[in-house]
Amino acid sequence: MSAVLDQLRERIRSLTQLQTAGIDPYPYVSFEPVPTSRIHQAFDEWQGKVAVVAGRLVARRIMGAVTFLDIEDEAGRIQLYVHRDHICPGEEKTFYRDVVRKWLDLGDILRAEGTVFRTRTGEISIDVRSLTLLAKALRPPPIAKRKGEKAFSELKDPETRHRQRYLDLMVHPRVREVFRRRTQLIDAIRSFLNRHNCLEVETPVLHPVYGGAHARPFQTTVYALGNMPVYLRIANELYLKRLVIGGFERVYEFSRDFRNEGIDRTHHPEFTMLEVYIAYRDYQWMAQFTEQMLTEAIQRVAGTLLLPYSGKTIDWTPPWQRITYLEGLRQATGQDIQALSDTALRDLAIRAGIDVEGLKLTTRAQIIDKLFGTLVEPHLWNPTLVFDFPRELSPLAKRHRQNPALAERFELICGGMEIANAYTEQNIPWEQRARFLEQQRERERGDEEAMPFDEDFLLAMEYGMPPMAGLGVGIDRLTMLVTDQPAIQEVILFPLMRVRPVHEYAVPFPYEELPSVQASMSVASVHHRASSSTSAASRELRAQQDLPVDQSGSEGSPR
RNA sequence: GCCCCGGUAGCUCAGCGGUAGAGCAGUGGACUCUUAAUCCACGGGUCCUGGGUUCGAAUCCCAGCCGGGGCACCA
């Protein structure tokens, strides 16, 4: 017998005892509890008034005839002061003695009703006169104790935290806060874009031809269309551009994109990207737009532009640092990269510790980009706009108006990561066709990630594509920076993991040891009719039945 | 895909050739304002899995599984 099985049997025992006493462990309810945070914020208004709260039982301190229960709801906790004679005013004390002290377990979901007051030690509490079990927890929560923000024996194992994210969220309010901020950040960006007359649209996830990025796709099949192969989108660039061709001048989409590549702390197979396309603008304008959009969103979500990250500070105050790609390389290497011969460039890369042979870097552009990624990008801490990338690396961007070897493209680098990428978009059909042909040649040379030739997209361009600027923002990475998280898995609710049989990480619950469903049903119905019973347990049941079905809002303010 | 590190009680961890440990959680008891409550007592283990070495393996070796970190990939 295992220890956990012992604990599960204890839960069965308390559950059975509750049912025998006529308490439904999973009652039907509909009510609106007062958020505990509101009671803490407005204690003066609440003091002496009756509040209904609900949440998970996270701590219990039994002091003889008084028991303190801490319950936690989404945004906070509150202490329940359960006095034997307050919750059981008559002679009958079994509800207190058995239910409160014994049969409730950590993890149970409770509803409590009582008077808001402050204990002698100053803790804002509820003097409970009615306590209802809303849902029994059959397993113990993985939390021991907590003092303020500091948890003892908190859940640390990254595998459990990610595989069973609900446990991570349950015991770590700070993790809930990370995901709340993620949503706030997206809201703030959406609000900015809407105010700038951008239209939010939804384009397909299933692409017959994938494109818009350099990546390996996930493939699947549509049975209804003759087993047509389709790909999960790696970007939505080509569809959004079609919309601009169609006459929507400012469009954007928050899109879940999928790339079948490595997983590490800045890469996840499915991730969220914001793409924005603005007609009649170029990449210089887009750089300012991006700066404005992100600083506004960060200021709104974080309340400051000085954000702690990884033990240091990131200063998002505009204007951000602006460099060109080649300047960055010149500062890092002391060389004018463009002027170097092929062999000099190769030597430079090897001296920089790059294994040119092993990495199969063949073209100049590949070597140059590796140099940039190794020598420049990791050292850009504060937000930096890097302009004018080599043309070969940017098949969808328009050629630089002054230097034909470059493309009108910038990336936003921050915290050593690429956060955003933008172009003056290529709108000359034959130029686009030439870039597609180049990509096709790379595919034929074995580069699986080179973009397929998209005939249909080219056709759309032939009808006239307005000059425009486009932007892609890595929302997950941006969230990492705003919430000070070291890994993308910390800002994705359910990061992808290898499948593992559940019994390998949890002891199966011994359902066969539970009293039968039939038995529990009949017990409940007997007590439903026997509402004149004077037992403490059924008094609780009655209190719960007396609840209004829905007081939408009325319980949310002091009465 | 490669390299390194880890996997021991529900949680956090110690133990690293000689009977499986601690704190918290759990159970029983005491306690009418506690808050990491306290005090007394008790129960709880496939030491990730499978091989091997050894008189003896949680401990050493090999393989595998899962996770983490790094590299590669992600232009």
Side-chain angles (χ1 to χ4, degrees), chain A residues 1-11 13-14 58-70 77-86 96 101-102 105-107 117-125 127 139-148 150-163 167 171 213-216 234 259-269 271 355 358-363 365-370 372-373 389-390 392-395 411 418 421 439 442 447-451 474 486-487 489 495 497-501 504-507:
Chain A
M1 188 191 315
S2 68
V4 63
L5 198 52
D6 276 349
Q7 293 201 43
L8 298 184
R9 290 194 169 119
E10 284 300 332
R11 300 263 165 162
R13 191 166 70 119
S14 54
V58 292
R60 174 165 51 180
R61 294 175 294 280
I62 300 174
M63 298 284 305
V66 169
T67 292
F68 296 93
L69 303 176
D70 291 346
R77 296 185 159 206
I78 200 159
Q79 174 173 272
L80 305 180
Y81 172 86
V82 186
H83 191 295
R84 182 189 58 199
D85 300 329
H86 297 187
Y96 177 77
R101 290 182 47 145
K102 292 185 180 169
D105 294 297
L106 293 191
F117 77 114
R118 215 186 263 278
T119 61
R120 276 179 217 157
T121 50
E123 177 86 13
I124 292 171
S125 307
D127 184 357
R139 291 181 187 268
I143 183 73
K145 292 190 176 173
R146 171 181 296 281
K147 183 180 190 178
K150 187 168 168 52
F152 299 81
S153 299
E154 69 179 345
L155 186 66
K156 278 189 184 165
D157 176 24
E159 180 168 0
T160 309
R161 288 189 49 239
H162 295 155
R163 211 179 271 287
L167 296 179
V171 303
H214 200 94
R216 280 175 66 186
I234 58 174
R259 297 186 183 176
N260 208 343
E261 286 164 352
I263 300 175
D264 62 31
R265 69 165 88 174
T266 57
H267 296 86
H268 192 259
F271 64 102
D355 179 11
L359 302 181
K360 294 176 195 146
L361 301 178
T362 47
T363 67
Q366 283 175 328
I367 296 174
I368 291 172
D369 202 54
K370 193 72 202 169
F372 188 85
F389 283 62
E392 304 94 301
L393 302 175
S394 318
E411 281 191 359
E418 178 192 336
N421 183 18
Q439 291 290 310
E442 284 186 33
D447 182 358
E448 284 179 70
E449 292 170 354
M451 260 178 236
Q489 285 75 16
M497 299 185 94
R498 240 179 257 276
V499 175
R500 219 178 150 186
E504 281 187 11
Y505 54 91
V507 172

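Each chain gets a letter, A, B and so on, in the order the sequences are listed, and its residues count up from 1. Because only heavy atoms are used, hydrogens play no part in the values below, and waters and symmetry mates are left out as well, while side chains stay in. Please read these numbers as outputs of a predicted model, since none were measured by experiment.
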* To do: Sticking with atom P, work out how far B:U8 lies from B:C3, rounded to a whole angstrom.
  => 24 Å

* Asked: What distance, rounded to whole Å, do you find between the two P atoms, one in B:G21 and one in B:C42?
  -> 14 Å

* Distance in angstrom units between A:E154 CD and B:C13 C1', rounded -> 13 Å

* Structure fact -> Regarding the side chain of A:H83, the nearest nucleotide among B:U32, B:C33, B:G10 is B:U32

* P spacing across the pair B:A20 / B:C48, given as an integer number of angstrom -> 15 Å

* Partner nucleotide, any strand, of B:C16 [Watson-Crick/G-U, under 3.5 Å] -> none

* Fit a plane to each ring of A:H83 and A:Y81, take the angle between them on a 0 to 90° scale, and name the class: parallel (under 30°), tilted (30 to 60°) or perpendicular (over 60°). => tilted

* **Rounded distance in Å between the C1' positions of B:U27 and B:G43** => 7 Å

* Are side-chain heavy atoms of A:R139 and A:R11 found at a separation under 4.5 Å? -> no

* Can you find a side chain N or O atom of A:R61 that sits less than 4.0 Å from OP1 or OP2 on B:U34? -> no

* Asked: Would a 4.5 Å heavy-atom cut-off, applied to side chains only, mark A:R161 and A:Q489 as touching?
  -> no

* Structure fact -> With the side chain defined as heavy atoms from C-beta on, A:R500 is closest, among B:C33, B:U35, B:C66, to B:C66

* Report the distance from atom CZ of A:R163 to atom P of B:G7, rounded to the nearest whole Å. => 18 Å

* Asked: Any side-chain donor-acceptor pair under 3.5 Å between A:D264 and A:T266?
  -> yes

* To do: Look at the side chain of A:P142 and decide which nucleotide, out of B:G26, B:G68, B:C11, has an atom nearest to it.
  => B:C11

* To do: Specify the separation, in whole Å, of atom OH of A:Y505 and atom C1' of B:C65.
  => 14 Å

* In whole angstrom, give me the gap between the P atoms of B:G68 and B:G51. => 28 Å

* Under-4.0 Å side-chain N/O to phosphate OP1/OP2 contact, A:R13 with B:G28 -> yes

* Between B:G67 (C1') and A:L155 (CG): distance, integer Å -> 13 Å

* To do: Indicate, yes or no, whether a donor-acceptor pair under 3.5 Å links the base of B:U49 to the side chain of A:E504.
  => no

* Asked: Is any side-chain nitrogen or oxygen of A:R498 closer than 4.0 Å to OP1 or OP2 of B:G67?
  -> yes

* Compute both the distance and the angle, then confirm whether A:R500 meets the cation-pi test with A:Y505: under 6.0 Å from the six-membered ring centre, within 45 degrees of the axis. => no

* Asked: Rounded to whole angstrom units, what separation is found between the CD1 atom of A:I62 and the P atom of B:C39?
  -> 16 Å

* Between B:A9 and B:C2, how far apart are the C1' atoms? Round to whole Å, please. => 36 Å

* Asked: If you measure from the C1' atom in B:A72 to the same atom in B:C16, how many Å do you get, rounded?
  -> 34 Å

* Closest heavy-atom contact between A:I368 and A:P390? -> CG2-CG, 4.5 Å

* To do: Can you tell me, in whole Å, how much space there is between the P of B:C31 and that of B:A36?
  => 23 Å

* Within the pair A:K156 and B:G67, is there a side-chain N or O less than 4.0 Å away from OP1 or OP2? -> no

